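Quantities reported herein were computed from a predicted structural model and do not represent experimental measurements. Throughout, residue positions are numbered sequentially from 1 according to the sequence presented.
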Amino acid sequence: MDVRYSHGTEVYAVRACYEDDATDLIAIGGAHSVEVLLLTETSCKAVANFHIGSRITAIAWSSRVSSPSSADDWSIELAVAGADFSLYLLSKSASEEEEIFPFGGGLTGHHGKINDMTFCGGRSEDSSRYVATVSDDKILMVWDLHPSIDLTSPPSPGTSPPARLQPTAYVIAFTHPLTSVNAHPSTSKELLVADSRGSIFLTDWRSDPDENEQDSWRNSSVVELVEPRALADSRAGPSAKWSGSVAWRRDPSADFVGAAYGSRFALWDMGNLAGGKPSVTGTSFAEGGSQFRWCPTYPDYFAVSTSSAARGAVIHVHNAAYVHAQPTVFQVAPRPLCVRAFDFVAGRGIPRIAAAVGREVIVFYIGVDS
């Protein structure tokens with residue numbers, strides 16, 4: 001049974017929570033606000049609503065979260081990006097109302113659309129401390145949400161200091177606009193960063209850039225992954241730009257990386273890199289893929305969406321064990337609607353996908369009970 005939720009405006013971003021105590025929570029971003037939904041098998045309801053004031057372009061869940069269904073003292077924390085290039089840390093708990101903490105605005109932050117973000121503290125005590133953001137301005141920023149020192153201007157005489165220090169950012173510059181970022185599921189230093197021209201960089205953001213001031217971004221990049229056809233296609237014309245999407249497979253070893261570029265998807269075996277070329281490639285959507293997601297509960301499953309409305313709102317689900325087989329095609333809605341964003345739900349049982357289609361979020365199973 002499909003579950004539908006109407007947000008009230010167009011939905012532009014969807015992120016399911018993968019934390020063990022909150023696998024039934026989904027965050028959705030619309031034209032001016034973020035809602036957190038509590039999902040059951042047959043329904044969903046909003047448990048938090050944050051008014052941001054600008055269109056939401058990216059969402060990331062913090063590890064400091066527990067669902068109202070799993071704890072009486074539940075809490076919610078997530079970071080989001082707005083179309084005005086600002087960032088916000090959102091929180092709510094059983095005892096406190098919604099709180100919005102803005103950061104990264106003005107001269108200290110991005111100067112282009114923020115396309116993706118992810119918390120990157122691994123499984124350590126820093127799991128909710130650092131969040132990485134990538135933007136059209138060709139910059140990767142890793143934000144320390146809990147800095148120990150205040151690097152901002154001192155308060156004016158007669159004014160009290162802020163209740164919370166402004167986050168500080170570690171900046172890594174790249175050559176082309178950045179479209180996607182994904183943190184390693186276990187370690188606290190490795191990020192996958194995809195650019196708009198067909199390259200993916202395995203980046204150690206904790207490395208010291210002063211060791212090699214020339215091409216500091218390459219010094220931070222441990223491995224460069226390339227999908228040759230996407231790279232060639234993107235350079236075919238000066239205006240070519242792909243909305244690349246990249247992710248680590250959601251299992252303890254995280255030994256596979258997947259990405260969607262243009263009309264193709266690609267998988268890399270990180271234990272057997274052949275000069276950075278993918279071990280497997282395939283065709284996703286002729287009109288161009290938009291987002292790539294691994295299933296967190298069945299690691300062999302991955303899905304690709306397209307933002308084109310040529311065939312309506314469609315998602316392809318693949319099995320990495322049979323990667324050359326035809327994908328299972330899910331027609332979520334007819335034309336002229338399209339899938340603006342989607343994510344796998346992390347709950348147990350048959351996998352489900354939450355897809356943003358028009359003003360609705362549609363949650364559906366990708367299989368049936370055997």
Side-chain angles (χ1 to χ4, degrees), residues 1-30 33-49 56 59 61 65-71 74 76 78 247 250 284-285 290-307 309 311-320 322 325-370:
M1 174 182 175
D2 293 353
V3 175
R4 293 173 174 263
Y5 181 85
S6 178
H7 175 64
T9 73
E10 293 285 323
V11 181
Y12 296 97
V14 173
R15 276 295 187 180
C17 184
Y18 290 174
E19 297 298 322
D20 291 341
D21 292 335
T23 57
D24 55 359
L25 294 183
I26 301 172
I28 63 174
S33 64
V34 174
E35 284 188 295
V36 175
L37 308 180
L38 176 63
L39 180 68
T40 70
E41 289 188 6
T42 59
S43 66
C44 65
K45 66 176 182 179
V47 294
N49 192 324
I56 305 304
I59 298 172
W61 280 97
V65 58
S66 56
S67 170
S69 66
S70 64
W74 58 270
I76 291 169
L78 61 161
R250 302 294 304 188
S284 57
F285 292 93
S290 176
Q291 289 189 327
F292 182 105
R293 298 282 187 262
W294 289 102
C295 178
T297 53
Y298 287 81
D300 279 342
Y301 290 165
F302 65 90
V304 182
S305 68
T306 177
S307 58
R311 287 186 280 174
V314 179
I315 294 175
H316 288 175
V317 176
H318 299 259
N319 187 332
Y322 306 95
Q326 289 296 310
T328 303
V329 178
F330 291 91
Q331 184 80 42
V332 187
R335 291 186 298 176
L337 295 170
C338 66
V339 176
R340 291 188 180 273
F342 81 97
D343 203 358
F344 278 98
V345 179
R348 295 179 180 178
I350 301 170
R352 286 199 284 180
I353 287 175
V357 179
R359 292 171 172 254
E360 286 189 312
V361 175
I362 302 173
V363 184
F364 59 92
Y365 288 96
I366 67 169
V368 296
D369 285 321
S370 57

* All ring-ring contact (aromatic ring centres under 6.0 Å, His included) counterparts of F285, not counting sequence neighbours ->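 F285: ring-ring contact (aromatic ring centres under 6.0 Å, His included) contacts with H316.
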* Write out all pairs satisfying salt bridge (charged side-chain N to carboxylate O under 4.0 Å, His left out) with one or both partners inside residues 349-363, taking only residues at least two apart or from two chains. => R4-E360
State, to 0.1 Å, how close [X] and [Y] come at their nearest heavy-atom pair, and which atoms those are.
| X | Y | value |
| --- | --- | --- |
| P351 | T297 | CG-OG1, 4.3 Å |
| A355 | F342 | CA-CB, 4.0 Å |
| A354 | V361 | CB-CG1, 4.2 Å |
| V332 | F364 | CG2-CE2, 3.8 Å |
| V314 | V339 | N-CG2, 3.8 Å |
| I59 | A13 | CD1-CB, 3.8 Å |

* When rounded to the nearest 0.5 angstrom, what is the spacing between OG1 in T328 and CD1 in I315? ->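 CD1 of I315 is found 12.0 Å from OG1 of T328.
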* Asked: Between OH of Y365 and CE of M1, what distance do you get to the nearest 0.5 Å?
  ->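 Output value for this atom pair is 10.0 Å.
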* Side chain to side chain, Y5 and L39, heavy atoms closer than 4.5 Å -> no
* Is there a donor-acceptor pair under 3.5 Å between the side chain of D24 and the backbone N or O of L38? ->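 No; zero donor-acceptor contacts below 3.5 Å.
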* Would you find more than 12 non-hydrogen atoms of other residues, nucleotides or ligands less than 6.0 Å from N319 atom CG? -> yes
* To do: Identify, with sequence neighbours excluded, every residue that meets side chain to side chain contact (heavy atoms under 4.5 Å, CB included) alongside C338.
  => A309, R340
* Going by atom types alone, do D21 and S70 pair a side-chain donor with an acceptor below 3.5 Å? ->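 No pair is found: no donor N or O on one side chain lies under 3.5 Å from an acceptor on the other.
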